[in-house]
**Q** 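Sharing a structure, written as structure tokens. Questions coming.
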2 protein chains.
Amino acid sequence: MKEGPDIALIGSLIGDPARANMLTALMGGQALTPTELAAQAGITLQTASSHLAKLEAGGLLTQRKQGRHRYYALSEDEVGLMLESLMGFAAGRGLTRSRPGPKDPALRRARVCYNHLAGDYGVRMLDSLIAARHIEITGEDDLALTDAGRVRVESLGIDYAALRKSRRPICRTCLDWSERRSHLAGSLGEALLTLFIDKDWAKREKNSRAVRFTAAGEKVFLELFPR
Amino acid sequence: MKEGPDIALIGSLIGDPARANMLTALMGGQALTPTELAAQAGITLQTASSHLAKLEAGGLLTQRKQGRHRYYALSEDEVGLMLESLMGFAAGRGLTRSRPGPKDPALRRARVCYNHLAGDYGVRMLDSLIAARHIEITGEDDLALTDAGRVRVESLGIDYAALRKSRRPICRTCLDWSERRSHLAGSLGEALLTLFIDKDWAKREKNSRAVRFTAAGEKVFLELFPR
DNA sequence: TTCATACTTCGATGGTAATCGAAGTATGAT
DNA sequence: ATCATACTTCGATTACCATCGAAGTATGAA
């Protein structure tokens, strides 16, 4: 009767609307303070504080103190992947909180998925990298950077050696809820998004997961990652 | 603030212990009656009935009436995949309901994942099929049966034409919570498990997700799918 | 028909947890 | 020092919902 992992605990943590709102906000990738998260969830700071303690105890979030601020973020890539999978199911069921608004197309086009690029652009990037044989499919879910790929990302200005050092996987797939296909996660996925932002090719919109490409940035991106 | 799919609803459905127990029981793949599910969850029939109505309304379960019995089952493959992903995360956090008991090794070895084979044996089977080039990796998560693979499964007695007819994907990956690697889902995954049972190579244990191979069946299986 | 089984619906109860006001702690600014 | 900001903890309230007894419906058996 009682075998296997306890999904009820995780489910109940995600199951509260206020907490779900906070988690969704944190899928934007930026670490946020309790005050910001309270605003996102539409609750008071006291309530938010209590929720955040529970999410942290449940292992979904980590906390970083900085002066009188506390920054909360998803604790690891796994959490983002799990949430994205839940969103995929919910979206398939037509369970959207706000009816598809004007922002929706922007989200489907390019958005932040915890720390990497998702949406049409994210899927396109991975497809393009695979087609160019810069990324190789080595297993069912396993991706690897090829030698050519290493040269390629280094030429873009990414510090490949640094990526190798961390214990996190460099390449990883993440299922996209809007496209229902995979895009690139892992430390390389993160590094690429950071690169786009740093080079001013794209900007994160405030209080949204949407990523807006600049006119110049979009041109470069589409040339770098042809369909 | 409110963008993206509503994960709170799904989360809260999974978040109740009684419902989580029922869902876990249904991961065994067999359709079960409210009476059976109530027993699994340790609640009365009335309570179970109310839970089942909610799970059905939420799209997680479907119901089939047969005489005075009602059989509940997971509504689609997607649900099983989502639950398995939640279990993966929970297991990674060490959140097991019963401390690893004697049944645990059997579960890790071979178990039913909704309608296909999971655990060490499930992972081994997919690895072996890929190594033999009977299944091909065509995209990030996409698998395809090769021509040689089609011949192979037909020689085992699987009706390939029937698989093609259904709208479900034939091959599909599913992340294994115990092995943390992928195994084969989709209609072919289901057909293979059914085959093993039909040929008496393996039996489902009652009230458990565990799959027990017979001595003869294990021999055949290991030969069919070498490491 | 009559009885039994399987299940749902209704209604009442109780417990849990989300919520927020108020008070307490910690860090930083002036 | 004093004040302000950021956040937590405590306590009380409230609202929801899981639970089950009791009654109602449906199917099958005798």
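In what follows, every chain begins at residue 1, and chains take the letters A, B, ... in the order their sequences are listed.
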**Q** Below the 4.0 Å mark, does D/dT19 have OP1 or OP2 next to a side-chain nitrogen or oxygen of B/His51?
**A**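 Answer is yes, contact under 4.0 Å.
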**Q** Taking the side chain as everything from C-beta on, heavy atoms only, tell me whether B/Phe89 gets closer than 4.5 Å to A/Leu60.
**A**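 Of all side-chain heavy-atom pairs linking A/Leu60 with B/Phe89, at least one is under 4.5 Å.
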**Q** Quick one about A/Glu84 and A/Tyr114 (side-chain donor to acceptor, distance below 3.5 Å, no hydrogens or angles considered), yes or no?
**A**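 The criterion, which ignores hydrogens and geometry beyond distance, is not satisfied for A/Glu84 and A/Tyr114.
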**Q** Can you check the A/Met22 CE to D/dC7 P distance for me, whole Å?
**A**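 Taking atom P of D/dC7 as the reference, CE of A/Met22 is at 12 Å.
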**Q** Describe the nucleic acid contact of B/Tyr72 in one word from base, sugar-phosphate, nothing, applying a heavy-atom distance below 4.0 Å.
**A**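 The answer is sugar-phosphate, as B/Tyr72 gets under 4.0 Å only of primed atoms, P, OP1 or OP2.
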**Q** Mark yes or no for whether A/Arg19, through its side chain, and A/Leu13, through its backbone, hold a donor-acceptor pair below 3.5 Å.
**A**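 Present.
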**Q** For DNA chain C, just give me the dot-bracket, please: Watson-Crick or G-U, both distances below 3.5 Å, ( ) intra-strand, [ ] crossing earlier pairs, | paired with another strand, . unpaired.
**A** ||||||||||||||||||||||||||||||
**Q** To the nearest Å, how far apart are B/Arg19 CZ and D/dT19 C1'?
**A**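 Nearest whole value for this atom pair: 12 Å.
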**Q** Side chains of B/Gln40 and B/Thr24: closer than 4.5 Å at any heavy-atom pair?
**A**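 With C-beta onward as the side chain, the pair stays apart.
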**Q** In whole angstrom, what separates A/Glu56's CD from D/dT9's P?
**A**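 Rounded to whole Å, this separation is 11 Å.
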**Q** Taking only residues two or more places apart in sequence, or in another chain, which ones meet B/Val211 in a side-chain contact (heavy atoms from CB on, under 4.5 Å)?
**A**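 Scan of B/Val211 (side-chain contact (heavy atoms from CB on, under 4.5 Å), adjacent residues dropped) gives B/Ala110, B/Val112, B/Leu117, B/Ala202, B/Phe213.
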**Q** Output the rounded distance in Å from CG (B/Asn21) to C1' (D/dT19).
**A**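 So the CG-C1' distance, B/Asn21 to D/dT19, works out to 15 Å.
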**Q** Provide, to the nearest angstrom, the distance between the CD atom belonging to A/Glu36 and the P atom belonging to D/dC7.
**A**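 Rounding to the nearest Å, CD of A/Glu36 and P of D/dC7 are 8 Å apart.
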**Q** Side-chain contact test, heavy atoms from C-beta onward, threshold under 4.5 Å: evaluate it for A/Met82 versus A/Ile10 and give yes or no.
**A**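 Contact flag for A/Met82/A/Ile10 side chains = yes.
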**Q** Identify the two heavy atoms, one from B/Pro34 and one from B/Tyr72, that lie closest to each other, and give their separation to 0.1 Å.
**A**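 The pair with the smallest heavy-atom distance is CG-CE1, 3.8 Å.
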**Q** Got a second to check how far B/Leu188's CG is from B/Tyr160's OH, nearest 0.5 Å?
**A**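 Going from the CG atom of B/Leu188 to the OH atom of B/Tyr160 covers 9.5 Å.
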**Q** Atom CG of A/Leu37 to atom C1' of D/dT8: distance rounded to whole Å?
**A**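 Checked: the CG to C1' distance equals 15 Å.
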**Q** In whole Å, I'd like the distance from the CG atom of A/Leu52 to the P atom of C/dT19.
**A**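 Rounding to the nearest Å, CG of A/Leu52 and P of C/dT19 are 12 Å apart.
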**Q** Write down the distance between OH (B/Tyr71) and P (C/dA6), rounded to a whole number of angstrom.
**A**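 Going from B/Tyr71 (OH) to C/dA6 (P), I get 10 Å.
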**Q** Give, for atom CG of A/Leu192 and atom NE2 of A/His116, the distance between the pair rounded to the nearest 0.5 Å.
**A**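 So the CG of A/Leu192 and the NE2 of A/His116 are separated by 11.5 Å.
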**Q** Can you tell me which nucleotide in D/dA6, C/dT19, C/dA6 comes closest to the side chain of B/His69?
**A**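 Shortest atom-to-atom distance from the side chain points to C/dA6.
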**Q** By the 4.0 Å heavy-atom rule, please label B/Ala18 as base, sugar-phosphate, or nothing.
**A**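 Sugar-phosphate contact only.
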**Q** I'd like a list of close polar pairs between nucleotides 20-28 of chain C and the protein, N/O only, cut-off under 3.5 Å.
**A**
| from | atom 1 | to | atom 2 | distance (Å) |
| --- | --- | --- | --- | --- |
| C/dC20 | OP2 | A/Thr44 | N | 3.2 |
| C/dC20 | OP2 | A/Thr44 | OG1 | 3.1 |
| C/dC20 | OP2 | A/Thr47 | OG1 | 3.0 |
| C/dG21 | N7 | A/Gln46 | NE2 | 2.5 |

**Q** When you measure from the side-chain N and O atoms of A/Lys54 to the phosphate of C/dA18, is any distance below 4.0 Å, counting only OP1 and OP2?
**A**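 Yes, A/Lys54 has a side-chain N/O under 4.0 Å of OP1/OP2 on C/dA18.
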